[in-house]
Amino acid sequence: MPAVSETREAVEKLAKSNYEWGFETNVEMDLAPKGLNEDIVRLISARKKEPQWMLEWRLKAFRAWQEMSEPNWAKIKHPPIDYQDAHYFAQPKKKPGPKSLDEVDPELLKTYEKLGIPLHEQEMLAGVEGAGQKTPVAVDAVFDSVSVATTFRKTLAEAGVIFCPISEAIIEHPELVKKYLGTVVPVADNFFSALNSAVFTDGSFVYVPKGVRCPMELSTYFRINARNTGQFERTLIIAEDQATVSYLEGCTAPQRDENQLHAAVVELVAMEDAFIKYSTVQNWYPGDENGKGGIYNFVTKRGICKGDRARISWTQVETGSAITWKYPSCILAGKGSVGEFYSVAVTNGHQQADTGTKMIHLAPDTRSTIVAKTISAGKSDSTYRGLVRMQPKARNGRNFTQCDSLLIGNQCGAHTVPYIESRNMSARVEHEATTSKISEDQLFYCRSRGFSEEEAVGLIVNGFCREVLKELPMEFAVEAQKLLQISLEGSVG
Amino acid sequence: MSDFLKIEGLKAQIDADGTPKEILKGLDLTIPKGEVHAIMGPNGSGKSTLSYVLAGREDYEVTGGSAHFKGQDLLELEPEERAALGVFLAFQSPVELPGVNNANFLRTAVNAVRKARGEEELDAVSFLKLAREETARLSMSGEMLKRAVNVGFSGGEKKRNEVLQMRLLKPSLAILDETDSGLDIDALRIVADGVNSLRGPDFSSLVITHHQRLLDYIVPDRVHVMAHGRIIHSGGPEVATLLEKQGYKQFLEAAA
């Protein structure tokens with residue numbers, strides 16, 4: 001049928017459209033030699049001027065990692081990763097301690113500008129002085145492993161909120177870091193978390209004291225820039241009793257040839273009546289038209305609702321990476337605590353995503369909600385993998401799971417793999433799943449109203465994801481909608 | 001240019017389980033500017049196919065003939081280009097778009113078309129004002145603007161939503177494919193009023209229907225009888241009355 005072959009041509013043509021944000025920043029780099037051994041771990045720790053306890057923590061992790069092997073249960077395929085063929089430390093050479101954006105390498109700022117990151121000096125300074133700024137956003141910018149600029153620190157400090165690079169927290173707030181680091185994701189939790197624990201170079205640290213509602217959205221932008229540098233972010237967020245915080249994480253990366261490993265660890269701790277909202281928009285380089293050169297993203301994200309009625313909400317829009325392996329999870333340990341997971345995962349080209357969540361109900365009256373939207377196009381493959389576990393004490397535990405898959409074209413795959421374990425008779429677990437295709441009817445209907453084919457796909461996909469997108473903070477939601485459209489350009493089927 | 005829409009010897013086929021099936025078999029039809037024409041015909045005569053081919057649906061392969069609108073070769077244009085040119089198809093079965101807000105859909109559509117026509121785009125406020133006026137005119141609840149496009153709409157609501165879209169997009173050629181089906185008499189009147197008030201020197205319409213009933217309210221300038229993929233008879237509004245009384249038989253026999 002002519003319509004089908006034309007569609008296929010259109011897909012192939014447009015799938016070749018270049019990664020819009022693939023460019024490289026030319027900044028002098030300070031690189032550690034390739035490879036991973038105890039000396040490298042020591043070097044990282046020394047470069048970070050870390051105390052002895054931190055070095056020992058890292059070495060313990062490294063030794064654990066050496067005993068472990070890569071997990072192989074995910075529905076992903078990739079050539080073996082040579083962990084010795086990467087740099088584990090890269091740092092832009094900089095003048096000692098930039099105190100303001102003026103001192104930041106203009107090349108970096110230019111890169112951010114290209115990305116449309118609102119780290120514009122004027123805007124930020126205006127925000128600091130509170131000159132008509134609506135919703136201030138504090139940005140802790142991570143540029144290749146090192147936090148380059150942190151804004152809004154003062155305002156946050158006045159509220160008692162600590163928001164700083166984790167390397168700084170290790171030195172400035174060792175008691176907090178020692179108390180919580182590795183408590184949610186133990187060092188040897190999995191292969192990638194152990195690796196991260198050994199070699200992480202930076203990330204963010206957030207501490208919101210009792211009763212404090214964080215006065216602004218916190219955001220961090222990660223980019224991967226140096227050739228062959230693994231990126232190992234480590235994030236730790238602690239919300240004390242009745243504290244509230246919303247954290248945004250957005251990622252884009254420049255185009256490159258070789259696969260890049262990314263293994264971040266994020267830990268969230270929510271005490272009594274605390275609320276942590278963690279939102280991610282991820283758009284890392286997915287690889288070229290043949291699937292070469294994209295980011296391998298192996299992430300461990302987990303939060304614990306330690307106190308009663310605590311709430312943790314994960315929202316993610318994942319459009320990038322060659323491989324995504326990611327299961328933001330909640331451990332519901334406090335009575336009546338709440339875990340939420342809202343996810344949109346888009347795969348196109350040759351991307352592979354195995355993503356989902358785990359909701360571990362430990363205490364009575366705990367509730368969890370999972371809404372996962374999967375969109376597959378091109379030759380991509382996407383799997384939702386979710387675990388809901390009701391432990392014996394999870395009396396009246398409730399879970400609702402909804403997984404919807406949307407297929408575009410006929411060469412992609414979508415899979416749903418729910419794991420449900422209930423050990424309490426009074427617990428209730430619901431799972432709904434649907435799979436659908438964007439129909440020719442829908443496309444034609446939109447086009448007959450004046451939409452181009454791509455606008456029509458964007459519209460339909462955004463409609464499909466609406467339940468998740470509305471969970472994102474406003475400024476992020478707009479960005480995410482654009483991203484969905486960009487990611488699916490030319491994937492009409 | 002009195003021949004606004006000119007269709008000559010149009011042939012189109014669809015793929016039916018691997019074998020092409022010809023549905024339009026050399027259809028001729030001309031609609032001058034400012035006129036409203038009706039097409040009536042038995043089931044399977046190709047009425048809906050004609051509407052889809054004119055709007056640009058890709059499942060149909062045009063194998064012969066031509067269709068020009070405002071002097072342009074319609075068949076060369078993408079569906080969205082036809083929309084910009086002023087072609088509007090009110091669907092027989094409007095499509096559901098889950099999660100897509102109706103107001104947002106309408107505004108984006110209106111602005112896409114306005115932009116393509118070189119007109120100024122409407123901002124959210126002026127659009128909403130316009131949309132509210134139009135929904136009131138069609139006795140639609142304002143709630144319908146907030147819902148997802150056609151999702152959970154009753155048959156009648158879907159048809160009104162089509163007419164709402166038509167009024168907002170301001171086409172110069174509106175093709176109504178059995179817009180009357182599923183409407184009660186009050187709704188029919190409202191929908192007919194929605195069409196009639198657009199009538200004027202720059203508005204032409206092709207009304208496809210099974211029943212004379214609609215044509216009591218939208219009185220056509222010409223009525224065409226369609227059978228076996230062709231127009232087999234054309235006449236004034238009286239043809240509709242005749243059909244209602246005597247059925248298609250005499251026309252089919254005369255054409256045979």
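All values below were derived from every heavy atom in this structure, side-chain atoms included, with hydrogens, water molecules and symmetry-related copies excluded. Order of the sequence lines sets the chain letters (A, B, ...), proteins ahead of strands, with each chain counted from 1.
When side chains are defined from C-beta on, E440(A) does not count as touching V95(B), because their heavy atoms never get closer than 4.5 Å.
Between Y52(B) and F444(A), the two ring planes are perpendicular [angle over 60°; tilted spans 30° to 60°]. In this structure, Y445(A) and F91(B) have perpendicular ring planes: the angle between them is above 60°, well past the 30° mark.
Taken from CZ in R82(B) to CZ in R447(A), the straight-line distance is 9.5 Å, to the nearest 0.5 Å. To the nearest 0.5 Å, the span separating CG on N462(A) from CG on N101(B) amounts to 12.0 Å. Within the model, atoms CZ of R449(A) and CG of L106(B) stand 9.5 Å from one another, a figure rounded to the nearest 0.5 Å. Distance check: C446(A) SG to F105(B) CZ gives 5.0 Å after rounding to the nearest 0.5 Å. Atom OG in S448(A) sits 12.5 Å away from atom CG in L54(B) (nearest 0.5 Å).
The closest donor-acceptor contact from the side chain of Q442(A) to the backbone of E96(B) lies under 3.5 Å.
Looking at F451(A), both its backbone and its side chain come within 4.5 Å of chain B, counting heavy atoms on both sides. Neither the backbone nor the side chain of S93(B) comes within less than 4.5 Å of any heavy atom of chain A. With a 4.5 Å cut-off on non-hydrogen atoms, A55(B) touches chain A through its backbone and its side chain both.
Qualifying side-chain contact (heavy atoms from CB on, under 4.5 Å) partners for R147(B), counting only residues two or more places apart in sequence or in other chains: M144(B), F153(B), E157(B).
Ranked by non-hydrogen atom pairs under 4.5 Å with chain A, the options P79(B), P20(B), G18(B), A83(B) are led by P79(B). For chain A, the option among G56(B), A84(B), A112(B) with the highest count of heavy-atom pairs below 4.5 Å is G56(B). Your options are V87(B), V113(B), L89(B), and the one with the most heavy-atom pairs under 4.5 Å with chain A is L89(B). Across L97(B), V110(B), V149(B), N104(B), the residue that shares the most heavy-atom pairs under 4.5 angstrom with chain A is L97(B).
The 12-atom threshold is exceeded at CZ of R117(B), counting heavy atoms of other residues, nucleotides or ligands nearer than 6.0 Å. Counted within 6.0 Å of NZ on K25(B), heavy atoms from surrounding residues, nucleotides or ligands total more than 12; the atom is thus considered enclosed. Shown here is R367(A), whose CZ atom has no more than 12 heavy atoms of other residues, nucleotides or ligands within 6.0 Å.
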